[in-house]
There are 2 protein chains.
Amino acid sequence: MAQNQSPAPDTSRRSERSRRAIYDAALALVAEVGYPKTTIEGIASRAGVGKQTIYRWWSSKADVLLEAFLDLSNQAAEAAGQAPYSIPDTGDLAADLKNVLRATVDELRDPAFEAPSRALAAEGVVNEELGRRFVAQLLEPQLQLYVDRLRAAQEAGEVRPDIDPRIALELFVSPLAQRWLQYTGPITHAYTDTLVDYALHGLAPR
Amino acid sequence: MAQNQSPAPDTSRRSERSRRAIYDAALALVAEVGYPKTTIEGIASRAGVGKQTIYRWWSSKADVLLEAFLDLSNQAAEAAGQAPYSIPDTGDLAADLKNVLRATVDELRDPAFEAPSRALAAEGVVNEELGRRFVAQLLEPQLQLYVDRLRAAQEAGEVRPDIDPRIALELFVSPLAQRWLQYTGPITHAYTDTLVDYALHGLAPR
DNA sequence: CAGGCAACGAGACGGACCGTCTCGTTGCGT
DNA sequence: ACGCAACGAGACGGTCCGTCTCGTTGCCTG
């Protein structure tokens, strides 16, 4: 029995030009009018593309935006340096973490990143399938850098050996993430510095 | 100059019956078909109510759901005990925090709470005005309980006096929140226990 | 207790987008 | 050079939006 789900489009004939135009249009519209008011029809017309071209290659507007944002991130990563980036190791864990988190604070304020990443995060909260893809392709690779740096710190004796690095990183990354996502508090360099100090030395008296 | 924004509906003539029916319909639909597929028309027809009655009292479906969920939370809080709830103080901070967080883990799995609170959190990520109301009316009052308990711990010498309790609570609350919101990891009692231990004693060797 | 008036349930209305479906047209692979 | 599938364009029925009328109902005031 022949299935007519979809005639399985031919990737080799795909128009690179249209793909790029769709990415650009999607990112621009989300930044300009917001995610809820961004429509497939709007993306298509702005990209100078037929709606069917979008529906042929993507299943939803969230799907389009996720790919567009991944592409943007990869471009930015290539422009900034080599792909396998890592957190610097000066031998001073606290200082290294504070530096990276300060940079993250600045990045969270960059409008070009803020609109699409908020939109994707919001969609992911309510759409588990997309949320897991967002995490696997974007968030987890970033978190892995902290795992690596924390493991190095364990070998250097700066972190207790029985600590699980994947959980440890959440002590300073998740508070920042929550303040940003949910507007539960201001985001400053002083704040992230404090998080690192609290996490490394604990709340209890020593 | 007479403004015709809206004729300012008369609260005293408002139908309590309709209000309750709308809350129930909104919560039920979000749980049954999900937030994106929940529509104002759907809520109205399920509640046996005219659309205009919804538009007269609320400005958006997110607004309806926030009020409905606040109402549900207040009911649940009254049913469970007196309103000014607080975190128990047995003199063992770690044990008290672990208990509360375990209860929170269980609550996060309750389907009746999960669907609407996810929907509101997602909307809040992308809609700052609603996000701030969500935080102010629902999240922050809960977090304040941790602030109180941590202050008591400071007076008892269980927490260093220079620690800011509002930030300290984020070390164990935010990681749980992020795992739940973004599916960045499994949520278990063992996990939250570990968070409390890490937060209290720090990552660095003592 | 009667009357008036605003909120009510119901649903018609134009408009925006949805996702699907044709059209010719274009441009890549054979 | 040819053929075929992806392309831009847009028509189509459908859903939901937010606004607007209808009578009807039920609560405050006199």
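Sequence lines set the chain letters: A, B, ... in the order given, protein chains first and strands last, and positions in each chain run from 1. Computed from a predicted structure; not experimentally measured.
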Just the rounded figure in Å: distance from [atom2] of [N] to [atom1] of [X].
X	N	atom1	atom2	value
B:Ile43	C:dG9	CD1	P	14 Å
B:Arg19	D:dC27	CZ	P	15 Å
A:Tyr55	D:dA11	OH	C1'	15 Å
A:Ile54	D:dA6	CD1	P	16 Å
A:Arg17	D:dG8	CZ	P	9 Å
A:Arg14	C:dG29	CZ	P	14 Å
A:Tyr35	C:dC17	OH	C1'	14 Å
B:Lys37	D:dC17	NZ	P	14 Å

Under 4.0 Å from OP1 or OP2 of [N]: is there any side-chain N or O of [X] that close?
X	N	result
A:Ser18	D:dG8	yes
B:Thr53	C:dG9	yes
A:Trp57	D:dC7	yes
B:Arg56	C:dC8	yes
A:Thr39	C:dC17	no

- Message: Between A:Thr53 (side chain only) and A:Val49 (backbone N and O only), is there a donor and an acceptor less than 3.5 Å apart?
- Response: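 No, because the side chain of A:Thr53 does not come within donor-acceptor range (under 3.5 Å) of the backbone of A:Val49.
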
- Item | Quiz item: A:Lys51 side-chain donor-acceptor pair to D:dG10 base, under 3.5 Å |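 Looking at the base of D:dG10, it does not pair with any donor or acceptor on the side chain of A:Lys51 (distance under 3.5 Å).
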
- Residue mapping more 5' on DNA chain D - nearest nucleotide basis, B:Arg13 or A:Val49: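 Result: A:Val49.
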
- Take B:Ser12 and B:Gln52, find for each the nucleotide of DNA chain D with the closest heavy atom, and name the residue whose nucleotide sits nearer the 5' end.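 Nearer the 5' end of the strand: B:Gln52.
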
- Would you classify A:Gly42 as touching base, sugar-phosphate or nothing, given that sugar-phosphate means primed atoms plus P, OP1 and OP2, and contacts are heavy atoms under 4.0 Å?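 A:Gly42: no heavy atom of the nucleic acid under 4.0 Å.
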
- Closest-nucleotide 5' rank along DNA chain C - winner of B:Glu16 and A:Ser59: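 Residue closer to the 5' terminus by nearest nucleotide: B:Glu16.
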
- Verify whether the ring centers belonging to A:Phe172 and A:Tyr198 lie closer than 6.0 Å.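 Not close enough - the centres of the two rings lie 6.0 Å or further apart.
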
- Query: Charged N to carboxylate O under 4.0 angstrom, A:Glu170 versus B:Arg179?
  - Reply: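 Salt bridge present between A:Glu170 and B:Arg179.
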
- Message: So that I can tick it off, tell me whether A:Glu128 and B:Arg118 are bridged by a salt bridge, with the cut-off set at under 4.0 angstrom between side-chain N and carboxylate O.
- Response: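 A:Glu128 and B:Arg118: not salt-bridged.
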
- Item | B:Arg17, CZ: over 12 other non-hydrogen atoms inside 6.0 angstrom |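 Count not over threshold, so no.
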
